[in-house]
Amino acid sequence: RLSLSSSGVHCAMGLETTVIGSFPKPEYLSLPDWFKSGHEGMHAATKAYSKILAGQSRMDQERLEADVMRATQEVIDVQTACGVNVVTDGEVRRENYIHYLCRFIDGIDFDNLAKTTIRNGACSVELPAVRGKVTWRGPLDVASEWRKAQEVSSAPVKYTLPGPLTMIGTLHNEHYNNEEALATDLAAIINRHVRALRDAGCRHIQVDEPVFARQPKKALDWGIKMLDRCFEGVGEEIEKSVHICCGYPNYLDEENYMKADPSAYAQLAPALERSCVDAVSIEDAHRHNDLSLLAHFKRTKVIFGAVAVARSRVETQGEIADRLRSALEHIDAERLIVAPDCGLAFLPPAILKEKLRNMCAAAQQCGPGCKRARLA
């Protein structure tokens, strides 16, 4: 029997499932990939992507687009076969989830990278520099990208966009006197794309703001206000979500990498509950939260990270289901959506599929009426 969730997604009588964004690129897709180089190799992928874009003939562009769509079809087919209700295009055409959009913004210089540190000083990198007022140049058409993905998908396709604070985190600002002013102009650019996606028929739009977790004070001072501006003019016809993970490692199974303060989610929750977003995406598998956090969200849905994306160990259906039942002690089933912690691009394909299958199977075991019995 199928039910219609509050987001308009058909799912069996369990919890709704989605993914966050990225998937591994297949070998035949000749695009640079940040996930194969890590944080410190980010500039290598950035430079390589710039070189590809500069040297392409029309025939090269057509061949690459055919490979991108082949990869898009494959990653969507994997998701639907595993039971994911709301899928993504796997972000297979991007070198990373931030700079792909930045490349089409005037004022951001990709030709002369600036050396700086990122992730609270965790590593030194060369980044694109903001050397003028940021304005949209194009010709990237996100609505067209979404349409192409939706045409090869039997499930609703969610489109993901980087948020202003997170964009600033991987850019070197040499122009604006303060970050809030830069964020204001970036939010206007993102809003342009959100509205284009809405007009094209996309009903699931996610803004990625992992830097919220690493810099909660900035998020509270002006970051969440900018998030609202990203979605300005968009109503209830769109499920508006924000993804806030706690950080990527440099490689799969790296355990002692820098992550955000575990208290960040609780600091952010009240303001996010007051924001315009319909759903907040958090990680929980790699590092468990105090699940009383979920009670902060009275109207907002929680996209709950149920499988780790930086560990090769595959969580069992039982482990995932037990954690979901614990979560359901603090939030209604109709507002709990199951997902991986973050993007899946670090994972080998066989492990990725097993994790997604177990996640979706566990979500089907949990739904209205399946929460644990509360202690008296």
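- In this structure, the side chain of Y176 engages the main chain of V134 through a donor-acceptor pair within 3.5 Å.
- For D199, the CG atom is densely surrounded, since the number of other residues' heavy atoms within 6.0 Å is greater than 12.
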Do Y159 and Q206 pass the side-chain hydrogen bond (donor to acceptor under 3.5 Å, both in side chains) test, and can you show the C-alpha distance, the side-chain angles, and the key distance before you say yes or no?
CA-CA 6 Å; Y159 196 89; Q206 174 183 295; over 6 Å; no

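- For R299, the CZ atom sits in a packed shell: over 12 heavy atoms of surrounding residues, nucleotides or ligands are nearer than 6.0 Å.
- In this structure, E255 places its CD atom where more than 12 heavy-atom neighbours from other residues, nucleotides or ligands lie under 6.0 Å away.
- Of the listed residues (E239, E16, E334), just one forms a salt bridge (Lys or Arg N to Asp or Glu O under 4.0 Å) with K301, and that residue is E239.
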Between S312 and D253, does a side-chain hydrogen bond (donor to acceptor under 3.5 Å, both in side chains) hold up when you go through it step by step?
CA-CA 6 Å; S312 56; D253 290 321; 2.7 Å; yes

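- Residues R323 and F304 meet the side-chain proximity criterion, which asks for heavy atoms closer than 4.5 Å.
- Side chain to side chain, T46 and E95 fail the donor-acceptor criterion of an N or O pair below 3.5 Å.
- If you check the side chains of T17 and N85, you find a donor sitting under 3.5 Å from an acceptor.
- A side-chain donor from one of Y257 and K259 sits under 3.5 Å from a side-chain acceptor of the other.
- Atom-to-atom distance recorded for D284:CG and N289:CG is 4.5 Å, nearest 0.5 angstrom.
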